[in-house]
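First the proteins, then the strands, lettered A, B, ... as listed; each starts at 1. The structure displayed is predicted, hence computed values, not measured ones.
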Amino acid sequence: MDKRNKSLNTVDSWASENLPISQHKEKLVHAVRVNPFLVVTGETGSGKTTQLPQYLYHAGFGKDGKIGVTQPRRVAAITVAQRVSQEIGCSLGREVGYQVRFDDCSSEDTVIKYMTDGCLLREILADPRLTRYSVVVLDEAHERSLNTDILLGLLKRKVLQPQGGSSGRSTPLKVVVMSATLDTDKLSAFFGHCPVFTIPGRTFPVSERFCGLIGPKDTDSTVYVKEVVKVALDLHTSEMAGDILVFLTGQSEIEKACDMLYEKAEAVDYRYDVRDSSVEGLLILPLYGSMPTDQQRQIFEPPPKGVRKCVVATNIAAMSLTINGIRYIVDSGFVKQLNHNSRVGMDILEVVPISKSEAQQRAGRAGRTSAGKCFRIYSKEFWEKCMPEYMVPEIQRTSLTAVILTLKCLSVHDVIRFPYLDRPEERFILAALKQLYQCDAIDRRGHVTRLGRLMVEFPLAPGLTRALLKAASLGCEDLLLPVAAMLSVENIFIRPGQQEKQQDAETEHRQLIEESGSCNDFAVLLGVFEKCRASDSPSAWCRDHWIHWRALKSAFNVETQLREILLRLKQQRDFPVETFDGSRSELFRRCLCTGYFANVARRSVGRTFCTMDGHGSVVHIHPSSALFEQDQLDWIIFHDVLVTSRVYIRTVCPVRYEWVKDLLPKLHEVDAYELSNVAREEVTDEEVAKWEAKETAKRQAEVSAEDSLKKMERRNDDTSVSEARARYLQRKQEKRQGKVP
DNA sequence: TTCAGGATA
């Protein structure tokens, strides 16, 4: 083992003493002792993540309970726990441990527990008062992950509620929120203007330059690949030794840029054109999430002598990976972001400008080991006019269905007035409530049903969980468990960039579709899962069929986890049991209908379909589907929507009208404001019974399908939300005046 | 007639 490796693995005892945070040790411990809430801010390199929990541990905070520290990402939770266990001098999993999905490395002895924010949220479901913790530290709060945002709101409430003997905790829970950026005033105000503790960072200065190649009018994102290449080559010839990190948006852009870099570097011999005589060549390396890990090794190794390394990466290099030796940054100024569009009720992957704080974080990647330089391809004007101060937090961009169910299960009934640090748009919350009502997770008054309590246990989207539970009640969970697992991992079908290989892959995939023996994409997924698992060499089977082995391996893991959860729940006495008389194919598709009936579409003109969710969007079946170019379809359900050149639906299954017709009224009959439980105390059981009787009568009156479709479309247009609110308020007022019995 | 940024339980 060489020296470099050794120094990476040993913990130098003086290092932690030398960190910027160490001189604030006593003050920090005191601040936690006297305040229920504390905000700690400090740049990367301040040592707050590794040191603060240790200070609290040595100060005795671990005597009354654990010190829990959350991270938004798995790797961070694991590596920080490793580091801290070495510093304390215990084996990992004893006094210092971690817990992430599929990997619990903690024990009864564990006092400092690092975990993902999602893990802590799960723990709160089982133990709402967090009786096993004395301190909870939410780290990286500035990243504003969905789970951290929910935890912020929950912890704000938990600590303010009176606690004592009966609640199972002797001392009040302490909450520390750690954030890197300067937006700490908002966090402090959120927690009743709690104190903010600032720790100076230890990073090197990074000079920033706007190259001005992209201005506010350059909305066409294809330009930035070319500009980024130009700037990277310019700096290669004009700057002193040091590696380059280029930020781009995605795999295809990165591959394009790498091709161009190679081409140009060959056309002009850059080895003889560089300012620094110690730099001879350029090593170009792509880096993105779905890249095979064996190809990533070179990225983290120092380049050969005389060679400058140029890593072309996605945001993965800004968030979760650190590459040593980077001195130069080339920032495209863009990122791909999944945004929920509630007007069409779909998620759209968009290329958007990054925020100023993200740009600063990207620049900071050049100042980890020495002073660096950041080249931004956009103009100062672009910075000022197009880039927001902070990123829109995840909670305001994504589907809230699963999160709202979690809140409801934690007795947060009025989910609209929950203390959000940044409130999601009301229509997003209402849409989530509606979806939960549609899959029977909550009742008309917004209360969690027995089914909803079962559903919250699964780490899946509620619609998929509903289909799984339906199958379980019918005793055919073996059909849905693999499907649920396959749909919760990344796409398993490989689509290579090269034309020849692409055709090869397509032939293999078509073969798999035919072998599944049915025109149903869900059945294709089930077939792939079963065939691969049954083969002698699953990894070779994947290679032969152009299937992502990494994705399938993780699907096997997820399936096992889902099966364990289901087994546990099935032991409950009141687990639902149903019977069904029909073919296996029909059984399978009817289970899917139960979960996905909100995603139902009907044939429209030609090969287009029209969604029946009230938006009435025109959609196309994606060319990768088994149902693509099928002419005999009428009603279909689908798993998700992809908006690119057209609105595509993927993972499709044909259904019969009789299977969905009884479910369809549920798509439009409900008043979403009632579900939010704004006026829980005012809605009586009798009122609900009357309302339901009225709805049944209305349903019976709907004679033809055509009729109900028209009604649905009318009721669910853009004004439906305001109308619903008006109806609700009117009823409330009438009730107050005694008009309604 | 196609194109998946990054996470998470």
Trainee: Is the distance between the ring centroids of A:Y596 and A:H639 less than 6.0 Å?
Mentor: yes
Trainee: Between SG of A:C653 and CG of A:D521, what distance do you get to the nearest 0.5 Å?
Mentor: 8.5 Å
Trainee: Contact class for A:R650 vs. all strands (heavy atom < 4.0 Å): base, sugar-phosphate, or nothing?
Mentor: base
Trainee: Is there a donor and acceptor pair, one atom on the side chain of A:R646 and one on the base of B:dT2, closer than 3.5 Å?
Mentor: no
Trainee: Which is true for A:T314 with a 4.0 Å heavy-atom rule: it touches a base, it touches only sugar-phosphate, or it touches nothing?
Mentor: sugar-phosphate
Trainee: Check this for me: A:K570, atom NZ, are more than 12 non-hydrogen atoms of other residues, nucleotides or ligands nearer than 6.0 Å?
Mentor: yes
Trainee: Would the base of B:dA7 count as contacting A:R101 through its side chain, where contact means a donor and an acceptor less than 3.5 Å apart?
Mentor: no
Trainee: Output yes when A:R122 and A:E457 qualify as a salt bridge under the 4.0 Å nitrogen-oxygen rule, no when they do not.
Mentor: no
Trainee: Can you establish whether the number of heavy atoms outside A:R132 located under 6.0 Å from its atom CZ is more than 12?
Mentor: no
Trainee: With heavy atoms under 4.0 Å as the rule, sort A:S252 into base, sugar-phosphate or nothing.
Mentor: nothing
Trainee: Touch check for A:L338, heavy atoms < 4.0 angstrom, all strands: base, sugar-phosphate only, or nothing?
Mentor: base
Trainee: Using heavy atoms and a sub-4.0 Å distance, could you list which residues of residues 453-462 of chain A are near DNA chain B? By number, please.
Mentor: A:P459, A:L460
Trainee: Using a heavy-atom distance cut-off of less than 4.0 Å, which residues of residues 69-82 of chain A contact DNA chain B?
Mentor: A:P72, A:R73, A:R74
Trainee: Kindly indicate whether the side chain of A:L487, heavy atoms from C-beta on, has any atom under 4.5 Å from the side chain of A:F522.
Mentor: yes
